[in-house]
Enquirer: 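What follows is a structure written as structure tokens; I'll ask about it next.
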Amino acid sequence: MSGAVNFRTCGSVLVTGASRGLGLQIVDSLASEGFSPGKIIATTRNPDTAQKLQELAKKHSHIHILTLDVVSQESIEKCAEEVGRLVQEDGLNCLINNAGINVMADYHSVTAEKMIENFHTNAVAPLMITKAFLPLLKRAASKGGAGSSGTMGIQRAAVINMTSLLGSVELNWGERANNFKWYPYRISKSALNMVTRCLAVDLEPDGILCMGIHPGWVRTDMGGSQAPLSPEESTSSVLSVIGGLTEKDHGSFLNFTGEQLPW
Ligand code: NAP
């Protein structure tokens, strides 16, 4: 059975970058497919222009749209306060750091500015967001999860980082290394993978699961039209994997199929 059914016993899920692409699809699937969590907090840097998200929220009253520009500390802190008011004593169960950019540049065209821009959005922002939401995640974790089982998972508290196979140092070798020579993106996702491991070490005593997942190559604005997976297909697998996470997956780097990926 798909692990996604476990979202039914998850009080709240927050998704960053929910205006389009995978973030929007995650919100859509969580709201529409019969395994909905209590509250879906869909964040976007510009709610006014996020038409599709607004339409979804009109259909599903448990979707809450909040403003969050992931590279603005002020925006992160304001959003954390708003989420605190929304979830109250229950805390936040599942944080999905999905927002990301690909500042394309190879060895010849890469600049310090391009590196820093990509690094900020893809690696620094998920860390700063997790820090800001930590009191809410801890509050949820301290309740012990659905049925107070005390085990790790989305029913209790989890930080999910949307990473990429292209962040794997080991896989960037041999024949594969000739494709996607994107310095800023690849290096930012390698850094995000280390953020995931550092957080996993530090948040384990609080019972907060941390992991990174590769969604596959998906037909979004970022993935392009040649990608083999539709957003629906990718999200169906991603939610199944996330929903089924337990202690054994803490600190892991998983493919959307659920297999371990090499760091
Ligand atoms: P996408 O279609 O380009 O969408 C990116 C999302 O991130 C948009 O909602 C965008 O919001 C948001 N975003 C970017 N910068 C932001 C900021 N400063 N503050 C708030 N939101 C921001 O990309 P996607 O394909 O859905 O990718 C989602 C995640 O999956 C990314 O982390 C990406 O690296 C990862 N991933 C994707 C693929 C793939 O094949 N598509 C493969 C591996 C990993 P705006 O609408 O406001 O710009």
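Since we're looking at a predicted model, the values are computed, not measured. Atoms within each ligand, like the ligands themselves, are counted from 1 in listed order.
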Enquirer: Kindly confirm or rule out an N or O of Ile101 lying under 3.5 angstrom from an N or O of ligand 1.
Expert: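 In this structure, Ile101 places no N or O atom under 3.5 Å from an N or O of ligand 1.
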
Enquirer: Can you report which non-hydrogen protein atom sits closest to atom 26 (O) of ligand 1, along with the distance?
Expert: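 I find the closest protein heavy atom is Leu22 N, 2.8 Å.
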
Enquirer: For Phe180, is there any backbone N or O sitting under 3.5 Å from a side-chain donor or acceptor partner on Arg186?
Expert: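 Looks like yes, one N/O pair under 3.5 Å.
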
Enquirer: Verify, without hydrogens or angle tests, whether Ser2 (side chain) and Ala4 (backbone) share a donor-acceptor contact under 3.5 angstrom.
Expert: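 A pair under 3.5 Å: yes.
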
Enquirer: At what distance is the nearest protein heavy atom to atom 4 (O) of ligand 1, and which residue and atom is it?
Expert: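 For atom 4 (O) of ligand 1, the nearest protein heavy atom is Arg20 NH1, 3.8 Å.
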
Enquirer: For atom 9 (O) of ligand 1, what's the nearest protein heavy atom and its distance?
Expert: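 Ranked first by proximity to atom 9 (O) of ligand 1 is Ser19 OG, 2.7 Å.
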
Enquirer: Could you check whether Lys59 pairs with Glu55 (Lys NZ or Arg NE/NH1/NH2 to Asp/Glu carboxylate O, under 4.0 Å)?
Expert: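 Here Lys59 does not pair with Glu55 in a salt bridge, since their nearest N and O are not under 4.0 Å apart.
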
Enquirer: By number and element, which atoms of ligand 1 are closer than 4.0 Å to a non-hydrogen atom of Leu68?
Expert: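 Once the distances to Leu68 are compared, the set is 19 (N), 20 (C).
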
Enquirer: When you measure from the side chain of Arg8 to the backbone N and O of Gly34, does any donor-acceptor pair fall under 3.5 Å?
Expert: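 Yes; at least one donor-acceptor contact below 3.5 Å.
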
Enquirer: Using heavy atoms and a 4.0 Å limit, tell me yes or no: is Lys189 in contact with ligand 1?
Expert: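 Within the 4.0 Å threshold, so yes.
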
Enquirer: Within the side chain of Ser12, is there an N or O that forms a donor-acceptor pair under 3.5 Å with the backbone of Asn93?
Expert: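 Checked: pair present.
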
Enquirer: Students should be able to answer this: which protein heavy-atom is nearest to atom 29 (C) of ligand 1, and at what distance?
Expert: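 Nearest neighbour among protein heavy atoms for atom 29 (C) of ligand 1, to 0.1 Å: Asn98 O, 3.1 Å.
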
Enquirer: Against heavy atoms of Gly21, which atoms of ligand 1 measure under 4.0 Å?
Expert: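 Once the distances to Gly21 are compared, the set is 2 (O), 26 (O).
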
Enquirer: Check for a donor-acceptor pair, side chain of His250 on one end and backbone N or O of Leu209 on the other, with a separation under 3.5 Å.
Expert: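 Side chain of His250 to backbone of Leu209, a donor-acceptor pair under 3.5 Å: no, none is there.
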
Enquirer: With the threshold set at under 4.0 angstrom, would you say Thr44 reaches ligand 1 through any of its heavy atoms?
Expert: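 No, that is not the case, since the closest heavy atom of the residue is not under 4.0 Å from the ligand.
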
Enquirer: Which of the atoms in ligand 1, numbered in the order shown and given with their element, are less than 4.0 Å from a heavy-atom of His214?
Expert: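 In order of numbering, the contacting atoms are 43 (C).
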
Enquirer: State if Gly216 counts as touching ligand 1 under the rule of any non-hydrogen atom under 4.0 Å.
Expert: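 Flag set, Gly216 near ligand 1.
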
Enquirer: Would one find an N or O of Ser164, backbone or side chain, under 3.5 Å from an N or O of ligand 1?
Expert: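 Looking only at distances, the answer is no, because the N/O contact criterion of under 3.5 Å is not met.
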
Enquirer: Should one rank Gly223, Gly17, Gly100, Ala125 by closest heavy-atom distance to atom 5 (C) of ligand 1, which comes out on top?
Expert: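 Among Gly223, Gly17, Gly100, Ala125, the closest heavy atom to atom 5 (C) of ligand 1 comes from Gly100.
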
Enquirer: Could you check atom 18 (N) of ligand 1 against the protein and tell me its nearest heavy-atom contact, residue, atom and distance included?
Expert: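 For atom 18 (N) of ligand 1, the nearest protein heavy atom is Asp69 OD1, 3.0 Å.
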
Enquirer: Which residues pass the ring-ring contact (aromatic ring centres under 6.0 Å, His included) test with Phe253, not counting sequence neighbours?
Expert: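 Here the qualifying residues are Trp263.
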
Enquirer: Is Thr49 reaching over with its side chain to a backbone N or O of Asn46, donor-acceptor style, under 3.5 angstrom?
Expert: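 Between the backbone of Asn46 and the side chain of Thr49 there is a qualifying donor-acceptor contact (under 3.5 Å).
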
Enquirer: Find out whether Leu66 and Ile41 are in side-chain contact, i.e. whether some heavy atom of one side chain is under 4.5 Å from a heavy atom of the other.
Expert: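 With C-beta onward as the side chain, the pair touches.
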
Enquirer: Just by distance, with hydrogens left out, do Glu117 and Thr121 show a side-chain donor and acceptor under 3.5 Å apart?
Expert: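 Judged by distance alone, the side chains do not pair up.
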
Enquirer: Taking only residues two or more places apart in sequence or in another chain, which ones pass side chain to side chain contact (heavy atoms under 4.5 Å, CB included) with Asn6?
Expert: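 For Asn6 the side chain to side chain contact (heavy atoms under 4.5 Å, CB included) partners, ignoring immediate neighbours, are Ile154, Gln155.
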
Enquirer: Using modelled atom types only, decide if a donor and an acceptor are shared between the side chain of Ser234 and the backbone of Leu229 within a distance under 3.5 Å.
Expert: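 The answer is no, because no donor-acceptor pair under 3.5 Å joins these two groups.
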
Enquirer: Which residue and atom name correspond to the protein heavy atom nearest atom 24 (P) of ligand 1, and how close is it?
Expert: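 Atom 24 (P) of ligand 1 sits closest to the protein heavy atom Thr220 OG1, 3.6 Å.
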
Enquirer: Among all the protein's non-hydrogen atoms, which is closest to atom 40 (O) of ligand 1, and how far away is it?
Expert: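 Nearest protein contact, heavy atoms only, for atom 40 (O) of ligand 1 is Val218 N, 2.8 Å.
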
Enquirer: Donor-acceptor pair, Lys138 side chain versus Phe133 backbone, under 3.5 Å?
Expert: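 Judged by distance alone, no pair lies under 3.5 Å.
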
Enquirer: Counting only heavy atoms, tell me which of Ala227, Ala99, Pro126, Ala42 gets closest to atom 22 (C) of ligand 1.
Expert: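 Considering heavy atoms of Ala227, Ala99, Pro126, Ala42, the nearest to atom 22 (C) of ligand 1 sits in Ala99.
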
Enquirer: Which is closest to atom 48 (O) of ligand 1 by heavy-atom distance: Gln25, His120, Arg45?
Expert: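 Closest candidate by heavy-atom distance is Arg45.
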
Enquirer: In ligand 1, which numbered atoms sit nearer than 4.0 Å to a non-hydrogen atom of Pro215?
Expert: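 This gives 36 (N), 37 (C), 42 (C), 43 (C), 44 (C) as the contact atoms.
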
Enquirer: Which of the atoms of ligand 1 are close to Asp221, meaning less than 4.0 Å from one of its heavy atoms?
Expert: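 Ligand 1 atoms under the 4.0 Å threshold to Asp221: 2 (O).
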
Enquirer: Give the residue and atom name of whichever protein heavy atom lies nearest to atom 17 (C) of ligand 1, and the separation in Å to one decimal.
Expert: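 The closest one turns out to be Val70 CG2, 3.5 Å.
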
Enquirer: Classify the contact between Thr163 and ligand 1 as side chain, backbone, both or neither, using a heavy-atom distance cut-off of under 4.0 Å.
Expert: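 Backbone only; the side chain of Thr163 stays clear of ligand 1.
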
Enquirer: Look at the side chain of Asp206 and the backbone N and O of Ile208, then say whether any donor-acceptor pair between them is shorter than 3.5 Å.
Expert: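 Not confirmed, Asp206 side chain does not pair with Ile208 backbone.
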
Enquirer: Find all atoms of ligand 1 within a distance of less than 4.0 Å from any non-hydrogen atom belonging to Trp217, and give their numbers and elements.
Expert: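 Reading through ligand 1 atom by atom, the close ones are 40 (O).
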
